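All residue numbers refer to positions in the sequence shown, counting from 1. Fair warning: this is a prediction, and the values are worked out from it, not measured in the lab.
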Amino acid sequence: MTDHTLLTTLERYYDTAPRVGGARAEDLGPLTLFVQEGEGWPYYARPLLGAPDGADAPAVSVADVERVLARQRELKVPEAFEWVAETTPSLRAAVEAAGLHVHAHPLMVLDASVPRPGARPDVRVLGADDALLGAAVTVPMLAFSAPGTARGEAGPAELAAAARGPETEPRRARVAEMIASGRTVLAAAEHDGTVLCSGQYNPVGDVAEVVGVGTLPAARRRGLALAVTSALVTEALARGARTVFLSAGDEDVARIYGRLGFRRVATALIAEPPQ
């Protein structure tokens, strides 16, 4: 599969996944705003899906971006845009001119022919009723609060405290429903009953995106994120995925994923208001 064909496949995934996740779509010129209906994670705006032959989406202007921003403010949803740089090159300049800050992330697709490490006994796929699910959905929150790959302070005690917070049960219930309905698969690494790393993949047809892989900061530098990602990849392929992809946090993380056979095909961009 050529990189152009891969990017077309990913564009279709990006357009379909929010709809499967319960969002309604509002087409605003060359952009589509996805709005979560009811409970769930908030979504974003992204380029209107191109023609079926894979043609790029229409060029985007500052006025187009400002129109979407006004609608996001009206709906009181996050002012956020996500897209692929190589597919819609005009969008970056437009969002920056509108005052947003752009983050770039390596967009990587799995080469399934590359050998992966064998399964580890401390990593497993969790079911919807697993007793560790609450902790498993909490670990990435702590991980992303302390970005990077260096060891941090948050450990089992901080995880236990965070898992008792008021947001944990609604989050656990949402993920449990997604697992039960087949809309996500979650894998976790545990030691003595404590979740140290977890992540998910979300399938749409025969395409799967690996998301939310995070390691408890105090447990970093032990190969856990790589093991969890490997388990997710193995599960996705076993369930019929033909394309598995992810967005790496940065170049250092991308090099780690490269050990599993992921190769960079493009750049994923996220635009948000400056902090």
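- For the pair Glu235 and Arg124, the salt-bridge criterion is not met [side-chain N within less than 4.0 Å of a carboxylate O].
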Please tabulate, for side-chain N and O atoms in residues 150-162, each donor-acceptor pair with protein atoms closer than 3.5 Å (sequence neighbours left out).
{"residue": "Arg151", "atom": "NH1", "partner": "Ala218", "partner atom": "O", "Å": "2.7"}
{"residue": "Arg151", "atom": "NH2", "partner": "Ala218", "partner atom": "O", "Å": "2.9"}
{"residue": "Glu158", "atom": "OE1", "partner": "Gly155", "partner atom": "N", "Å": "2.8"}

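- In this structure, the side chains of Leu100 and Pro273 come closer than 4.5 Å at one or more pairs of heavy atoms.
- Looking only at distances, a side-chain donor or acceptor of Thr168 sits under 3.5 Å from a matching main-chain atom of Ala163.
- The backbone N or O of Phe34 lies less than 3.5 Å from no partner atom in the side chain of Arg46, so there is not a single donor-acceptor pair.
- Between the Asp15 side chain and the Arg12 main chain, no donor and acceptor come within less than 3.5 Å of each other.
- Taking each heavy atom of Phe262 and Leu110 in turn, the nearest pair found is CD2-N, 3.5 Å.
- With hydrogens and angles ignored, the 3.5 Å screen pairs no side-chain donor or acceptor of His101 with any backbone N or O of Glu272.
- The list of side chain to side chain donor-acceptor pair (under 3.5 Å) pairs with a residue in residues 199-216, not counting sequence neighbours, reads Thr184-Gln200, Thr184-Asn202.
- For the residue pair Thr194 and Asp192, no side-chain donor N or O sits within less than 3.5 Å of a side-chain acceptor on the partner.
- Glu11 places no side-chain N or O within 3.5 Å of a backbone atom of Leu49 that could act as its donor or acceptor partner.
- The only option from Val253, Val84, Leu107, Leu269 that meets the side-chain contact (heavy atoms from CB on, under 4.5 Å) definition with Ser247 turns out to be Leu107.
- The nearest pair of heavy atoms linking Phe245 to Tyr14 is CE1-OH, 3.4 Å.
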message: Run Met108 and Leu260 through side chain to side chain contact (heavy atoms under 4.5 Å, CB included) and show every step you take.
response: CA-CA 11 Å; Met108 310 182 75; Leu260 292 178; over 6 Å; no
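- Side-chain contact check for Tyr257 versus Val213: some heavy-atom pair is nearer than 4.5 Å.
- Judged by distance alone, the side chain of Gln36 and the main-chain N or O of Trp41 form a donor-acceptor pair under 3.5 Å.
- Two residues are said to be in side-chain contact when any heavy atoms from C-beta on lie closer than 4.5 Å; Val35 and Arg71 fail this criterion.
- Side-chain atoms of Ser230 do not come within 3.5 Å of backbone N or O of Leu226 as any donor-acceptor pair.
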